[in-house]
Every structure is written in structure tokens, then in C-alpha cells.
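Heads up, the thing below is written out as C-alpha cells.
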Amino acid sequence: MAAMTMAQALNAALRDALREDERALVFGEDVGPLGGVFRITDGLTKEFGEDRCFDTPLAEAGIVGLAVGMAMGGFRPVVEMQFDAFAYPAFEQIASHVAKLRNRTRGRLSLPMVIRIPYAGGIGGVEHHCDSSEAYYAHTPGLKVVTPATPDDAYWLLRDAIADPDPVIFMEPKRLYWSKGETTLGDRRAAGFGQAAVLREGRDATLIAYGPSIPVALQAAEAAAQDGIALEVVDLRTIVPFDDATVVSSVRKTGRCVVIQEAQGFAGVGAEIAARVQERCFHSLAAPVLRVSGFDIPYPPPMLEHSHLPDVDRVLDAVDRLQFGDEPDVFHLAGEAS
Amino acid sequence: MAAMTMAQALNAALRDALREDERALVFGEDVGPLGGVFRITDGLTKEFGEDRCFDTPLAEAGIVGLAVGMAMGGFRPVVEMQFDAFAYPAFEQIASHVAKLRNRTRGRLSLPMVIRIPYAGGIGGVEHHCDSSEAYYAHTPGLKVVTPATPDDAYWLLRDAIADPDPVIFMEPKRLYWSKGETTLGDRRAAGFGQAAVLREGRDATLIAYGPSIPVALQAAEAAAQDGIALEVVDLRTIVPFDDATVVSSVRKTGRCVVIQEAQGFAGVGAEIAARVQERCFHSLAAPVLRVSGFDIPYPPPMLEHSHLPDVDRVLDAVDRLQFGDEPDVFHLAGEAS
Amino acid sequence: MSVRTSRQTVDGLLPSPVPVRFVAEDGTAVQPPAGYPVPADERLLEAYRRMVLGRRFDRQATALTKQGRLAVYPSSRGQEACQIAGVLALREDDWVFPTYRESVALVSRGIDPVEVLTLLRGGWHCGYDPVATRVAPQCTPLATQTIHAVGMAEALRRKGQDGVVMAFIGDGGTSEGDFHEALNYAAVLHAPVVFFVQNNKYAISVPLAKQSAAPALAYKGIGYGIRSEQVDGNDLVAVLSVLTAAVEHARTGGGPFLVEAHTYRMDAHTNADDATRYRETGEVERWESADPLARLETYLRERGLLDPEAVASAHQAAEEFAARVRDEMNADPEMDPFELFDHVFAEPTPQLREQRALLASELTAQED
Amino acid sequence: MSVRTSRQTVDGLLPSPVPVRFVAEDGTAVQPPAGYPVPADERLLEAYRRMVLGRRFDRQATALTKQGRLAVYPSSRGQEACQIAGVLALREDDWVFPTYRESVALVSRGIDPVEVLTLLRGGWHCGYDPVATRVAPQCTPLATQTIHAVGMAEALRRKGQDGVVMAFIGDGGTSEGDFHEALNYAAVLHAPVVFFVQNNKYAISVPLAKQSAAPALAYKGIGYGIRSEQVDGNDLVAVLSVLTAAVEHARTGGGPFLVEAHTYRMDAHTNADDATRYRETGEVERWESADPLARLETYLRERGLLDPEAVASAHQAAEEFAARVRDEMNADPEMDPFELFDHVFAEPTPQLREQRALLASELTAQED
Ligand SMILES: Cc1ncc(C[n+]2csc(CCOP(=O)(O)OP(=O)(O)O)c2C)c(N)n1
Ligand SMILES: Cc1ncc(C[n+]2csc(CCOP(=O)(O)OP(=O)(O)O)c2C)c(N)n1
Ligand SMILES: [Mg+2]
Ligand SMILES: [Mg+2]
């Protein structure tokens, strides 16, 4: 066990993967000598040489397409998109090829490749640097979508992603890059993809979150505990595959649920979670599943991002609206809110 | 009133828009002399000249980016993406510019432009020609997402889209291109964006659908009526903006709801609808809001598409699971289905 | 402030100012340009037999669309010199990255014709085994395959193999951003890949003049530092000679190569297209006189390499092949709906298992 | 089988084999290349004053990052000849499509410096009025603005206006597919747009050699049929002369024009970047001796156009400007959180009104 930041844990995962599997490769924009703008690939070119970790020309469809070709040719590319919005030029490559090649070829070709995408906001980044784009990928069949919230998960989920026979979109919540935690770099842990984690137990309501929203959820649970409300916190860890079992057993126990996502709400992952939970836990629910999210607006300029981001208060407000008492829910009387 | 196909109605809408507004322009791949691969732009170049309806070089980011620049310069471009999956190369232009320019410039620049996208399947199209991509756009703040299900709606929603001060993603369910219906080409009708239509009244449950799923919903309602179940059918018409009022008042009345979408289900528009409905109608619901959708798989080859597409039976099966009686819902007991 | 330009490199990258040609339209030999040898007789004869077969196969496929046996078919009639030379220039262990229009090339590569047509008949997306055949799936999203080709080329190079990758693309496809990114990546990586542009003058209905204002598409190479050539695409001898040189260049560490072949799509874009909407029949007729197969036949006859017997036997083989294709395509393929869930991931997710069960119950209900 | 290539058009499109230069690094005049006139004295003096001011502004902006007044600043130190000539070559009614690095150009265009820095300080995304200034928002998604520029150029042309559009882009940006599509669209539409590539040798940490294997980026034009030129980007006289010719070419119906300026980014990519990780200080020092401002100053002095008084007054004006920028940037801007909902659509949707109400209740709760 070692305390390290998520950035360091990711770096360690890449390093160990490059060491253990000679088919593994790292490439992208500025991942070489610079070590990436977030330094996730720091030192890799030095340790493994330009052949194993290299800078590409500046073109994201090119990066992803090159990875497709190299994966077809037997390599295991791990590529970096510099920021969330800068993965959009690669969208066709991702949706029409990365997600589909196994399917198109009846499994004769597979794409063991990882696309790392630093995502979401909260770091004072200017426009186009803070998009929450996970839903685009989660909605695309054929992609696994993974997002760690702790350094330990960052290390192991990235190791799992690189070892996976299928393409993985690995979403890194960039505001957690500098968060610290204990990390086991030793023996491979048991939980793989599709295993949510119950980060805190509670009996009154379940908070379901992932990636950048996990610290918010945990703080909210802590604050609620002061008021005598015991919130259970579930961290999805992998959006696809989805861990219905853990989510459902938690909500069936608590009977109430708030879903938290930083992304704009409409048709996001939170909508899927809410829809699934009410489908599966309807008779256990004492109140509707509520969602807390960013607003349906383009990501705001840094000076206004605090107004947009779901924070502890927004979560607690939602918890308050879980009809523990008899008050009506003012925000969901359609059309009646100004 | 005239009976025409949806394709003809769309053609008429473009024609009337070009006639009435000299800023309107049509361009894209093969929209000129050929009239588009679906003939939606048939005859426009002939009637209005190459200046008003023209073929571009083959590049979708180019088409959308050109439209952005021309809209900034005072025009009202209506562009065609040849098929759903061929809009993906334009994804960065759409997500980072089309959706955001008004916001970025505090409203000093706006983009009155329409991106027409023939979408969804059911026409025996080979791979990449049948994607249901509406959720990608609906999840992107700053885009209006519109999808007609009748020739009359096709005409008026497209006229509204071209007249709208904001960018509109106009999703055309290609399998309905040849469906016929009465169309009023005369006086502008009252309903604009954000107005769902109740296509059929019923008291037992509400089917919420849009675009290609509307005929399925209507047929299911017809079939259910034979069994004495009265299904109400709501056609969203515009996904963004969303008509909460119509949806909510229907479900509060019926107490049961099935959402139908042709797209793969996970994190799709149907998830949003289900999440919204249970948030707003929780105490009116006698059963969970169920979703009927395509599977979470890449769109199948033509010979298998019938297995994938939500059909009347799949809808009726869901209706059966709305707990009119006391049977448990076998498909949503997580993990228990093989 | 180092500037790398020098007249010499620049001229070394630019294509011949007129397309390389060995055989005139009437089949007579013309003075071949320096640097490109005439391919060996046996290769030319092999090419001839394959062109005859390819054309017959193409005609058969078009016929199958009329019988409803193919969902769609993009014919390459008129482009046979390119289709055949494209694969003849390669070794078996080289890779091909084709578009949807390369059916004839793929058949010529030796892939089972029914497997080649599987996509187009509406069966599974890719009918053949890409690994065994070293042919990537026929690619529809335009130009996307060119960058995959670069990745494969880079993979071969890294594995110490001397394989070459040929990326097929059309004139329209060169306008897509991915083509640009592929050329640039290939050049920077010095990858052994040949970009083969079949400029058949149309992208569906859009004529070349609306597609590009370049002096010729082959002039795109220099902007990436890629050696380029343009060739008369209806002259098999020329296409084969130039592609062979391009492949050799790539194989021996010379880096990528861009070849533009000027040809013409004789049929409509696909059987679903109506070419009369956008081009004059006169234009098509003019191209009939530049037919690549007739041209090669005349040339080979004049050189005394081909006698009537050889012609007849080529046609005989083609007829037999076409008959086999017709028969096999008349049988309905077995399609297993549960396979829909098998190839999304190596292991289906719990969600996919659930959905599989839903389909199973639907199918059971239907049987009842 | 028409082939449009001819030696003449090809040569007419290709750039000069070495970058156009009027002034050597030491400030002495060199024999200017045929076809490009020396700009008028008054324009050169104006350029000098703007360069002095631009450099001072740039230094001030970098200082503001250290005081936490700017979230991020991409300096253009060393690129002033390009920044200033880029806007000096344009009329007021021409349009500019800049990247994030064009702060100095935008200030030189006359935009209020606080408005120019609004994006970079974390205020609203675009601080100035694009319509009034005819300057599109500073663009971050690389190369995307080049195709917007083509659209605007086409719009101007259609409206019968003789405005020209200048699209700024960096060396790295030329690798993106959008750049390719923009060049091609511009050429096919014959749009009045000038693509101005500031090749400052790096894309963040990636040096030009890993970005492109082209003889020079200016060689990209011919592949689209676009007239191209390369120029010494640290020679204001050359950049201004060539860009003026390019703009004139576009304005008078000659179609698009591509100019590559060879320059160098003296500072790190932004204040957040650490350039020592990827380049030697020796390289930076060598480029100090090619400084565009010193070079122009020496040249103007030697030509007797600039006296110490004029130099002093330029610096005086620059100091005053910088002081104003510093003072104004020290005031916190007023930001209205409810504006978040105002510019998503012309009219907020019911959903946005609901979300606005949610935020209002949150803010009220916070005040309590
Ligand atoms: C990204 C993308 N956009 C559009 C299409 C639709 N489409 C299919 S073929 C075609 C024309 C291609 O022309 P060209 O590259 O010249 O090849 P050809 O068909 O002439 O062989 C178009 C527009 C597509 N397949 N992919
Ligand atoms: C599409 C996209 N990908 C990546 C980035 C991240 N990024 C910002 S600046 C930059 C380097 C750009 O280099 P260049 O075009 O040479 O311009 P310069 O910064 O040198 O002026 C990169 C990679 C981006 N802004 N947009
Ligand atoms: Mg073509
Ligand atoms: Mg640069």
C-alpha cells in the first residue's frame, strides 16, 4: 500500500502495463517527452523508449484510427485524448469502428485498446476543456466505459482496461488527478469491470454517483449524517458494464435514491440510472428517484462554474425532497416552476 | 390539405422556405442535380439555381463548418447529412461550435441553421446506414432536436426549424419517408417546438414515442384495443425542447407508461423520458415506467434487423408487464434473467 | 530557421505532369515513361484472365440485385484495371484495406465470392475472415480505412515483417479529413503503405470538378512529403507497373506512396442510383472507347501474347465462376438471431444477457 | 480522361523554394524576391509601433498570470511580425478567425484589451463583440475555425461585398482533418480567404519534425489548387508584403491563398507549460538573434525612417497601454450566474427555466 495521487496511480498503471506486456503502446498528443499535459505519461518515453510511448501528429481521428490499425495488427494501444472536447474529432472512428469492429467481423478481429479521456470540470478550465462526455460513449454499443474515483481504482481499472479484450473508454475525472489515496500496486485485486463499490453504508437513501461526483456524494453523506440521515454511497466505477445487482440491492434496502452526475442532465447516464432503478425497485421506492446534475447548458466559464456544478448543497436539497415527510416536490411539478 | 409522402412534405418545406426567405440555402452531398439519395431535395437546384441548392465536396465536418460560417455571415443554411453514421465526422463541429456559438458570444452571434439527418433503420440498409443517433444530440446543450412522424409534422416542423433562430438537428426517420398522410401546406399552424401530440387517447396506459416508433406505438394501441386495453399514444415531435406538460398529464391520467425508442436503450432518450416521468408522476404510477427499445448492440445486418427493432409484440409484452394484475416482472429482476 | 525545402526533394515527390501510360486507348503501345518497367508477360496474362473474370463477376452481381438477391451492389465496371492491378501488385502476406467498391479486387485476391458479397446481400457485415485473407472489412465510412491501413503498416514494420498495406479510396473520399490525417501519419511514421486513389470521376453524383480544384489528386502527396504518381487507370499495364513500383518503394523502406489512377465508373454508383440524373450518356459512351479490358486484350494480341484460345478459356472460366456465384447466392443463408449478442464484447455483459433472454422469449412466443 | 495538370498551373501554385525574405536577421535589407513590393514607409512605421505595443502587452499578460489575474495565457512573443502583419494586411471590414494565440493581433486590430483577455481570465467565453469587430471568437478546438472562415468568405462573396477573411492557424493545427476540408472547400468555392499558418515550430511539446514530413507546410496548397507562399515569419516586411499580396489576390477574385510563416514561439506554450521538458535553451537563444522586433527596428533605422524619438514614443505608448491593461485587469468583473441560462437558446426552454429556478433557490438559500 502506498499513498499516491490519482495521476501517479495512472502513471504507475501505464508503466506496469508497458513493462508486463510488450504489445502495449502509449501514444497521443504530447505524451512523449512532455509526459502529457497532466503528466500522466511522465517518464514513460524515457523508461521505455520512443517506440513504446510516442507523440503523434495533432489529429485525434488519426490517433484513434492509428490505434485501430495497430490493434488489428496485434498491438494494445493506450491512447490519450488531451481533453474531453478534443476527442470529438475522433467520434466517427470511435462510434463506427472502435465500437463495432468485433461485431462487424463476427469476432474474428477484436480491438484491445484503451482511449483515455480526461473529462469533466471543476479545475477552472476555459471552454472546451471541461465537457462531461461519458454519455456519448455509454450510449454507443460495443464500448466499455470506465471511470475511477480513487487512486486505487484508477490503477486497477486502467490495468484491467489494458488487459481487456475489448475497447475501453477510460474517463479520468481531471479534478481528481491530484487527490490522494492508498493504492495497492501488488496482487491483482478481484473486482473487475461491472462491479460497483459501496463506499459508505447507510439505511435512509442511496446516492449513486461516479467519477468526479464521488467526493461530492461522500461529503453529502457526511453532512447528512450530522442531521441523522444515513446515506449509502454507491460508486459505479464502470458505467458499461453496469452493476445492476449492487445498485438494486442498495436501493431496495434504502427505498430512496438520488443519482448524481456532473454532466448536463438531459439524456445523460443519470437518466439511465434513474430509469433502471425505478424499473427494478419500483415497489421498494418511497419516493421518485431524483437526479442531481449540471444544468443543460454549455460548460460555463471558470468564474461561473461553481454555480453549475452539483455540490453538496444541491445533493442535500435533493435528499430533502425524497419525501421523508409530507411536503410536495416543487421542482417537479411540470411547468409550474417559473 | 393534400395527401403526400413524408419525403414530398420535406421537399415542399424546403421549396417553400427557399422561396420565402432568400437567406435560406440548401447544401450537402448529392443534394444538387441528384436531389439527394432520398430525393428530399429533388428539383431544388433546378428551381432555385446552383447558388441556393448545391453539392459540396465530400466532407461532413466541412459541410457543417461551412454552414456555421455562412450562418455567421447572415445566411440560413439547411444542410443534409447523407445518413446518420455519416454525420459523425461532423461531431466536433456540432458539439463544440453549432451547439455553443450563441453561448460563447453571449448571444451576439447566433446560428439559425438546420442539420437534416435521415436516421434509424427498418429499410434493410447495410451497416452504418441505420444508426439511431438522436441521443447524442439531445444530450448536447444548445441543440434543438426535432423528429417528425407524419408528413404534416415533417412539413411544419421543418419550416419551424428553418425559421428558428437557433440550430436545429432535424432527424428524419428514413423508413417513414414513403409513408403518406394529409398535409396542410397553407397557413402556419399554431403548435411549434416543444409541443407533443396526443395521437390517440386512452385511459389505461400511455405509450410515449417519437419518430420511427410512432407507427409501432399506434399499431400496438390498436391491437391492445382489441383486448380491451385503451392505450394513449404521445408523439414527442421535439425531443428538445421537451413537452413535460403533455407527457405528465397523460401519465397522471393513465397511471402507467411505456416508453418506446428504436435506438439502443442504454442512456438513450427513452431513459430520459422514463426518468422524467417517474420524477413527476411518481404518486400516479401504478407500475414502473417501462422501456422498449432496440438492444444495446451495433445495428444488425438487414437479415437480422427484424429481431432487433422494437415491434408491436415487444410493446405489447411491455404493456402486459405493467402490473395490471399481480404477476411479477421477470425481466427486471436484476441478474436473474440468464 | 531551418528550411527543408530543396528543388530536388520537391521534384522527387511530385507526380508525372501527365498520367503514366503504357498503352494507348486503341491498344497500341506508347513510349513508356522512364523508371517504370513493363511487367512480365506472365503477369500481364494473369491480369487479363482476372479482368475477364472480374468483369463477369461484376455483371453477375448486378444481375443478382435485380433478382433481389443482393441488397445493394456498387459496380466497378470500367475500373477493372485498377481492381486487378491493385491486388496483383501485392503479395499474399500484404494487407488490403478496401472500400465497398472493391468486390472485384477481393474476388481476385481469392476470397470466396459469396463471402465477398455477404455484406451486400444483407448478411453479416463482413463475410470473410480478415485475418486469414489479410483483407480488412469492406469499408463504408469514407476514408476512415486509410488511417487503419497506416496503423496496420506501422504494426507490420514494428513486428519486423516486410509486408505492405494498400489502402483503396475513391476521388470523393480524398475530401474527408481522415484521408489527410492518414497521409500525414503515414509520412511522419514512414509507414509501408500505398494509398491507391481510384479517381472514377464521380462521388455518387458529384463530379470531380466539384470535388477538387487540384491540378490532379496526385498533387496532394507533396504536402505531406509523400512520393506520388498519377497513372492512366484504364491502362492495366501502367497501373500494374506503377503500383508494383509503389509497393516496392514501401516494402524497401521508402515510406508511403500515393497513386492516383484516372478511371471512370461506367455504371451508376450502385444499382439503387440513377446516373442519368447527373451525367450525359455521351460522356459514358466516350469512356466505353477507353475500356480497360478491350485495351489490354488488343495490346496483348498485338504483342502476340494472347491467342483466341486463351481468350476463350478466360471467358469460359469466367462463365463457370459466375454460374457458381449465381447458384450459391440463390440459397438463403442461415442467420442466427442470437449471434446479435455474441460479438458485442468478448463476453456479453449482464445487460446483454438480459436482452438475449428477452429476444428468446419473443421468439418462443412467436413460435407458439 | 481529361487531365488538368500543366506545368504552368503547377508552378503557379507552388511556393517559393525558400521563404520570402526582405530583411536579414541582422536587420540589413536583402534582395527582395520578384513580385512582392516593399510596403510603404508609413505602413512599416505603423507596424513597428504596433509591434512594440504588442510585445509590451504580451509581457503584461504573462505578468498577470503570475498574479492570478489570468487563468491561462498563450504568449506570442517572437511571433509579433506575424501577429501585426496579419491584421495590418486587412481592412476593417475584413474578417479575422483567430486561434487562442492571437491576443496581440486582436489588440492590434483595436479590440479592447480587457475584452481580448476575457476568455483567458476565466470570464465569459468571448469578451468582445464579434460582429462589431469582425473577429470570430478566439478558437480553441484546433483547425475548426478554418472552415468557418471559408463559410464567412463565401457569405461575403455572395452578398457582393469585397471583404476578405483571414484564418489563423498553427503548424500543429494543419494536421487536423478540418484544415484539409477547409482548404478544399475554399478552393472549390473559390472563396476569398487567406489561410495564415504561423509555423512556430511547436505544437505544445511536439516539434515540427514529428508533425509533418512535408518539404514545407506551404506545399500543402497545391494539393487543393491553392496558390501558396512561404515567408520568413520574423521579417515583418516580408510577412506584410506577402500577406498584402495574398489578401489582394483573394479580394480581386483570385480565390484562396495559403501563407506559411516560419517563426518561433519564444515562450512556453502557455504559462502552465514547461518548455524545458522538450527543447534546449540553446535553440531558444538562437532564435533570440532572429527577433522580429529588433530586426525591424534596425532595418527602419538603417533606412533612416526611425529616429530615437520615435522609438521612445512607441515605447511610451506601450507602457501606458500596459499600465491601463494592468489596472483594468485588477478589477474583478461582475458575473451574473443567471446569464448561464440566457444564451443557450434565443428563448430558454421550459427545462432551462426550471433549472434557473433551482439555481435561484440555491442562491437564496446560500444568502440565508
Ligand atoms: C463519411 C461518409 N460520408 C458519406 C457517405 C455516403 N457515400 C457512400 S459512397 C459515397 C461517394 C464516394 O465517392 P468516391 O470516394 O469517389 O468513391 P466511389 O463510390 O466513386 O468509388 C458517399 C457520399 C459515406 N459512406 N461515408
Ligand atoms: C482538436 C484539438 N485537439 C487538441 C487541442 C489541445 N491543444 C491546444 S493548443 C495545442 C497545440 C497547437 O499547436 P499549433 O497548432 O502549432 O499552435 P500553437 O499553439 O503553436 O500556436 C493542442 C494540442 C485542441 N485545442 N484542440
Ligand atoms: Mg469516385
Ligand atoms: Mg505551433
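Heavy-atom basis, side chains included; hydrogens, waters and symmetry copies ignored. Computed from a predicted model, the values in this text were never measured in an experiment. In what follows, every chain begins at residue 1, and chains take the letters A, B, ... in the order their sequences are listed.
Each of G177(C), A143(C), G221(C), A187(C) has some count of heavy-atom pairs under 4.5 Å with chain D, and the biggest count is that of G177(C). Considering only heavy-atom pairs separated by less than 4.5 Å from chain C, the leading option among E181(D), K210(D), R286(D), H190(D) is E181(D). The choice from E176(C), H180(C), Q211(C) that makes the most heavy-atom pairs within less than 4.5 Å of chain D is H180(C). Heavy-atom pairs under 4.5 Å with chain D peak, among N199(C), I226(C), N184(C), at N184(C).
Within the 4.5 angstrom heavy-atom criterion, no atom of S228(C) approaches chain D. With a threshold of 4.5 angstrom between heavy atoms, Y224(C) approaches chain D through its backbone and through its side chain.
For the pair P215(C) and I222(D), the tightest heavy-atom approach, listed with the atom from each and the gap, is CD-O, 3.2 Å. Across all their heavy atoms, A213(C) and V188(D) have their closest contact at N-CG2, 4.0 Å. Taking both residues in full, the closest heavy atoms of G223(C) and S212(D) are given as O-OG, 4.5 Å, listed atom of the first, atom of the second, then distance.
Remark: Y299(C) pairs with R303(C) by the side chain to side chain donor-acceptor pair (under 3.5 Å) rule, at least two apart or across chains. Judged as a side chain to side chain donor-acceptor pair (under 3.5 Å), and not counting sequence neighbours, S76(C) has no contacts.
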